[in-house]
Amino acid sequence: MKYDFASIEPKWQKKWLEEKTFTAVTGSDKPKFYGLVEFPYPSGQGLHVGHARPYTAMDVVARKKRMDGYNVLFPIGYDAFGLPTENYAIKNHIHPAKVTHDNIQNFRKQLQMLGYSFDYDREVNTTDPEYYKWTQWIFLQLFKKGLAYKTTMPVNWCTSCKCVLANEEVVEGVCERCGSPVIRKEKSQWMLKITEYAQRLIDDLDGLDFIERVKIQQKNWIGRSTGAEVTFKATTGDDIVVFTTRPDTLFGATYMVISPEHKYVKEWADRLTNLDEVNAYVAEAARKSDFERTELAADKEKTGVMLQGVKAVNPVNGREIPIFISDYVLASYGTGAIMAVPAHDTRDWAFAKKFGCEIIEVVAGGEDVQKEAFTAKDDTGILCNSEFLNGLTVKEAIPVITKWLEEKGIGHEQVNYKLRDWVFSRQRYWGEPIPMVWCDKCGWVPLPEEQLPLTLPEVENYEPTDDGESPISKMTDWVSTTCPHCGAPARRETDTMPQWAGSSWYFLRYMDPHNTGALASKEAMNYWSPVDWYNGGMEHTTLHLLYSRFWHKFLYDLGVVPTKEPYAKRTSHGMILGEGGEKMSKSRGNVVNPNDVIAQYGADTMRMYIMFIGDFEKAAAWSDNAVKGCKRFLDRVWNLSEQVKEGPASDVNAAALHKAIRKVGEDIDAMKFNTAIATLMSLVNDYYQNGCTKGDYAPLLIMLSPFAPHMAEELWEQLGYARETGCMACEQGWPAYDESKTVAATVNIAVQVGGKLRGTAEVPAGSDNAAIEEAAKAVPNVQKFLAGMEIIKVIHVPGKLVNFIVRPQA
RNA sequence: GCCGGUGUGAUGGAAUUGGUAGACGUGACGGACUCAAAAUCCGUUGGGCUAAUCCCCCGUGUGGGUUCGAGUCCCACCACCGGCACCA
């Protein structure tokens with residue numbers, strides 16, 4: 001009979017759904033395993049092969065875990081708020097909820113066509129009011145704890161999306177999503193104090209089984225640096241606090257720079273004799289987009305203006321030094337003011353050269369500081385021109401000066417982070433409404449929890465507005481309300497939450513998705529937490545992954561969730577590229593649609609290929625020919641079933657089979673799917689070579705089942721084996737392997753003379769060294785190289801190799 | 001500039017972590033079956049030398065080193081990819 005995937009696959013998919021084969025039950029005697037994949041954004045284009053790689057991988061792992069005896073939770077859902085749906089809705093005049101609903105239907109169908117063993121009864125949808133009720137609830141808790149606040153500040157504004165972006169969403173000065181320029185705009189925004197958790201987000205990485213590059217990227221993004229804050233007096237009498245990582249160079253501070261946005265620029269206006277020039281520079285800096293700033297940063301042509309009429313006093317030596325404003329000092333980092341040490345900082349050096357500032361060497365050990373800054377922070381630098389610091393290394397000087405500053409009351413050690421608070425408002429329709437009310441008397445008042453969910457109003461027009469207000473702001477009926485606190489007329493917040501809100505806690509909802517009284521029950525969270533294994537894209541490392549760790553820590557502090565960290569283990573997959581190695585895109589015309597592959601070769605071939613394509617962590621290029629290779633392999637497995645002889649496992653295949661059982665099992669656990677499949681291919685080749693009994697074939701089917709579950713189940717049935725459910729593999733468990741059987745009767749020993757391979761010798765397994773040496777010396781080609789030589793040493797690698805070290809006979 | 005990663009046949013990629021480099025799959029070539037093609041099956045396939053699938057020599061980005069033995073470890077360099085980037 002022919003391998004008819006087109007009828008086999010729907011048959012088993014139907015059975016799995018009807019029988020609820022893969023439904024997870026909370027609570028069990030078995031150990032639990034929670035495997036998670038990043039839920040898709042249900043776009044109109046449908047599932048992409050880029051989804052198939054991580055989803056298939058986790059499905060293989062989940063199926064294997066069930067075979068290993070785990071109670072498995074493997075859920076799926078839809079992260080459905082967001083701009084593309086809104087834009088599609090605007091263009092086609094369809095309500096985004098309807099668009100979302102239709103797209104989800106399509107996605108679910110596609111996921112089921114690939115045979116994924118998700119528990120579809122636990123689906124979540126971030127746009128469902130029953131879901132976002134809890135997203136809003138978490139926001140209210142953040143507000144109540146002072147971690148959500150509204151403030152006016154310069155924000156990233158995407159000129160095309162007409163919407164505010166988080167720092168994490170700006171890539172090289174342009175919008176991460178649409179590629180349009182991002183400008184800075186002064187706006188009142190809801191912010192979340194992720195910075196409050198910066199240290200814990202770093203520290204708690206240590207206990208986690210995350211791949212190293214994820215940890216490193218998160219640490220770099222948080223950007224902790226230790227230094228000191230030092231207070232300089234200005235001639236106005238004001239204190240100017242600067243942040244520096246090099247307090248040891250304080251004696252070399254010959255000028256000061258404050259950011260154009262610094263409060264003193266305005267406060268000192270009366271005293272500045274070049275106010276016009278200063279104001280012009282401030283205006284110019286404000287006008288620059290982030291993109292322009294980034295561009296300029298490349299060649300670092302420094303600009304700035306000296307504040308005429310005010311000076312600062314260096315606290316260590318009492319010298320008066322000039323103060324400049326320059327946009328190379330950022331208002332948002334440190335204190336927005338720096339002491340400039342041109343001798344030992346390349347940026348200060350470049351600025352000093354351009355503006356003719358004095359360059360004083362205070363760390364000896366480099367080249368002439370008039371020609372280039374000497375920045376070494378290690379022990380190569382020795383302090384000079386620095387009074388009581390002279391002669392110390394940089395490392396030694398830092399604690400000495402820090403202590404001195406503390407004693408004098410003009411400074412202290414300070415830790416700073418690059419991480420900024422999370423800009424949490426979006427001026428768009430299709431997002432969770434922020435459940436806050438503005439009352440002229442009471443200020444911002446949270447909506448009472450019993451009024452949640454605060455649902456989106458029906459609007460006629462979803463177009464974003466040019467004035468930077470959400471389209472919801474036009475819905476006066478919805479906006480007008482009364483203050484929950486004093487009852488006076490009040491207005492609702494009209495901005496919505498960013499897409500990252502719903503995905504920051506969705507893995508909790510999967511644990512108990514239909515709960516109406518809590519985001520999930522304690523019982524369910526205690527049982528399933530934490531996520532045991534989360535696989536997802538590297539692009540989310542400093543976005544979703546960081547945000548959700550933050551929210552989870554906050555919920556932990558509230559006592560809502562039982563663990564400090566949401567995810568015990570994080571892995572990441574490489575991208576699938578188009579044929580030829582270029583990124584898949586509609587414009588290149590190299591997009592592979594999973595539906596087409598399924599139609600032509602079947603879902604099992606698709607799954608097999610996407611796992612065989614290459615190293616899971618690396619990018620891999622699609623190849624139609626290689627897909628055929630996988631189909632060929634499945635055909636060979638299928639055809640082999642017709643030649644299978646009755647009888648128990650054969651001796652002739654025993655070594656190969658038992659090695660395969662070990663290797664495939666280990667490889668799946670380590671996500672080395674490509675070599676797991678290669679091992680299965682080799683085993684099938686052996687079976688064709690040696691003949692195959694039912695006893696040989698059954699474990700092959702079981703091992704194949706995580707990759708090609710439809711075929712494995714079908715053949716199992718056709719061969720007349722017993723089963724109770726739609727998952728014979730779950731019932732059978734992963735085959736037991738017998739170490740003793742992995743050893744073949746004879747082994748080939750590589751024979752080297754002087755480290756060079758000169759032949760192989762076949763010896764019985766377990767031969768002792770003497771027997772191996774004897775057999776090795778009997779190999780004709782080896783004899784040739786031993787002739788006239790004296791053996792001075794013999795190196796044995798058990799079961800592998802023997803190496804004769806020789807020298808010419810005396 | 002800083003941080004991280006990767007360089008292996010025509011090609012995607014293996015190599016039990018210092019022990020027979022190139023598993024497995026593509027592609028190519030030769031053969032079988034066929035009127036023929038597709039499909040399938042069998043064989044060959046790193047380079048050089050060679051009558052030879054004998055033997056020998058060379059070969060894992062480049063140059064050194066450690067070792068009986070290096071794709072794997074160390075030092076220096078080159079190329080490409082990813083992240084961050086005026087963060088004081």
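Note that the structure is predicted; figures quoted are calculated from it, not measured.
Side-chain N/O atoms of Lys302(A) and base N/O atoms of C86(B) include a donor-acceptor pair closer than 3.5 Å. Applying the 3.5 Å distance criterion, the base of G19(B) shares a donor-acceptor pair with the side chain of Gln752(A). A donor-acceptor contact under 3.5 Å links the side chain of Lys800(A) to the base of U16(B).
Contact check, Tyr333(A) against A88(B): a side-chain N or O comes under 4.0 Å of OP1 or OP2. Distances shorter than 4.0 Å separate none of the side-chain N or O atoms of Asn625(A) from OP1 or OP2 on G25(B). For the pair Thr541(A) and G83(B), the criterion of a side-chain N or O lying under 4.0 Å from OP1 or OP2 is not met. Dashed line: the shortest gap from a side-chain N or O of Asn781(A) to OP1 or OP2 of C56(B) is under 4.0 Å. For the OP1/OP2 pair of U40(B) and a distance below 4.0 Å, the side-chain nitrogens and oxygens of Arg632(A) include at least one atom meeting the criterion. Using a 4.0 Å cut-off, no side-chain N or O of Asn220(A) falls inside it from OP1 or OP2 of A85(B). The side chain of Arg662(A) contributes no N or O atom lying less than 4.0 Å from OP1 or OP2 of U16(B). Put simply, Arg636(A) has a side-chain N or O that comes within less than 4.0 Å of OP1 or OP2 on C41(B). When the side-chain nitrogen and oxygen atoms of Lys215(A) are compared with OP1 and OP2 of C3(B), none of them lie within a distance under 4.0 Å.
One interatomic measurement links the two molecules: CD1 of Ile677(A) to P of A14(B), which rounds to 12 Å at whole-angstrom precision. Between Phe612(A) atom CZ and A14(B) atom P the separation is 10 Å, expressed in whole Å. Rounded to an integer number of Å, the gap from CD of Gln217(A) to P of G82(B) is 12 Å. Look at NZ on Lys628(A): it is 15 Å from C1' on G12(B), rounded to the nearest Å. As rounded to whole Å, 14 Å separates atom C1' of C84(B) from atom CG of Leu546(A). Following rounding to the nearest Å, Met538(A) (CE) and C3(B) (C1') show an atom-to-atom distance of 12 Å.
Atom C1' of G27(B) sits at a distance of 14 Å from the matching atom of G13(B), rounded to the whole Å. A23(B) and C78(B) have their C1' atoms separated by 30 Å, with the value rounded to a whole Å. Here the separation of U62(B) from G9(B), taken at their P atoms, is 10 Å to the nearest Å. Annotation: A21(B) and A15(B) have their C1' atoms spaced 7 Å apart (nearest Å).
Closest non-hydrogen pair, Gly691(A) versus Asn653(A), comes out as O-ND2, 2.9 Å.
Remark: side-chain polar atoms of Ser386(A) are not paired, donor with acceptor, to backbone N or O of Leu383(A) under 3.5 angstrom. The backbone N or O of Val753(A) sits nowhere less than 3.5 Å from a side-chain atom of Arg758(A) that would complete a donor-acceptor pair. Remark: side-chain polar atoms of Arg213(A) are not paired, donor with acceptor, to backbone N or O of Met538(A) under 3.5 angstrom. At least one donor-acceptor pair under 3.5 Å links the side chain of Tyr255(A) to the backbone N or O of Asp348(A). Here the side chain of Trp349(A) pairs a donor or acceptor atom with the backbone of Val369(A) at under 3.5 angstrom.
Residue Lys672(A) is in sugar-phosphate contact alone, with no base atom involved, counting any heavy-atom pair closer than 4.0 Å across all strands shown. In this structure, Asp615(A) reaches the sugar-phosphate backbone alone: every heavy-atom distance under 4.0 Å involves primed, P, OP1 or OP2 atoms, never a base. Nucleic acid contact class of Lys756(A) (heavy atoms, under 4.0 Å, all strands): sugar-phosphate only. As judged by a 4.0 angstrom heavy-atom cut-off over every strand, Ile795(A) is placed among the base-contacting residues. Heavy atoms of Ala619(A) sit under 4.0 angstrom from primed sugar atoms or phosphate atoms, though from no base atom. Using a 4.0 Å heavy-atom criterion, one finds that Gly629(A) contacts the sugar-phosphate atoms exclusively. Among the heavy atoms of the strands lying under 4.0 Å from Thr760(A) is at least one base atom, whether or not backbone atoms are also near.
Comparing Thr245(A) and Ala678(A) against RNA chain B, the residue whose closest nucleotide sits nearer the 5' end is Ala678(A). Between Ser332(A) and Phe785(A), the residue anchored closer to the 5' end of RNA chain B is Phe785(A), taking for each the nucleotide with the nearest heavy atom.
Pairs passing the ring pair (Phe, Tyr, Trp, His ring centres under 6.0 Å) check and including a residue from residues 656-691 of chain A, sequence neighbours excluded, read Phe616(A)-Phe673(A).
The glycosidic torsion of U17(B) lies within 90° of 0, which places this base in the syn conformation.
Judged purely by distance below 3.5 Å, without hydrogens or angles, the side chains of Arg420(A) and Thr195(A) never pair a donor atom with an acceptor atom.
A cation-pi geometry, defined here as NZ or CZ lying under 6.0 Å from the six-membered ring centre and within 45° of its normal, does not hold between Lys631(A) and Tyr601(A).
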Checklist outcome for this item: Symbol by symbol from the 5' end, with Watson-Crick or G-U pairs under 3.5 Å, [ ] crossing and | another strand, RNA chain B is (((((((..(((......[....)))((((((.......))))))(((.......)))..(((((..]....))))))))))))....
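In this structure, the nucleotide among A23(B), C56(B), C41(B) sitting nearest to the side chain of Arg758(A) is C56(B).
Proximity of the aromatic rings of Phe351(A) and Phe324(A) is defined here by a centroid distance below 6.0 angstrom, and this criterion is met.
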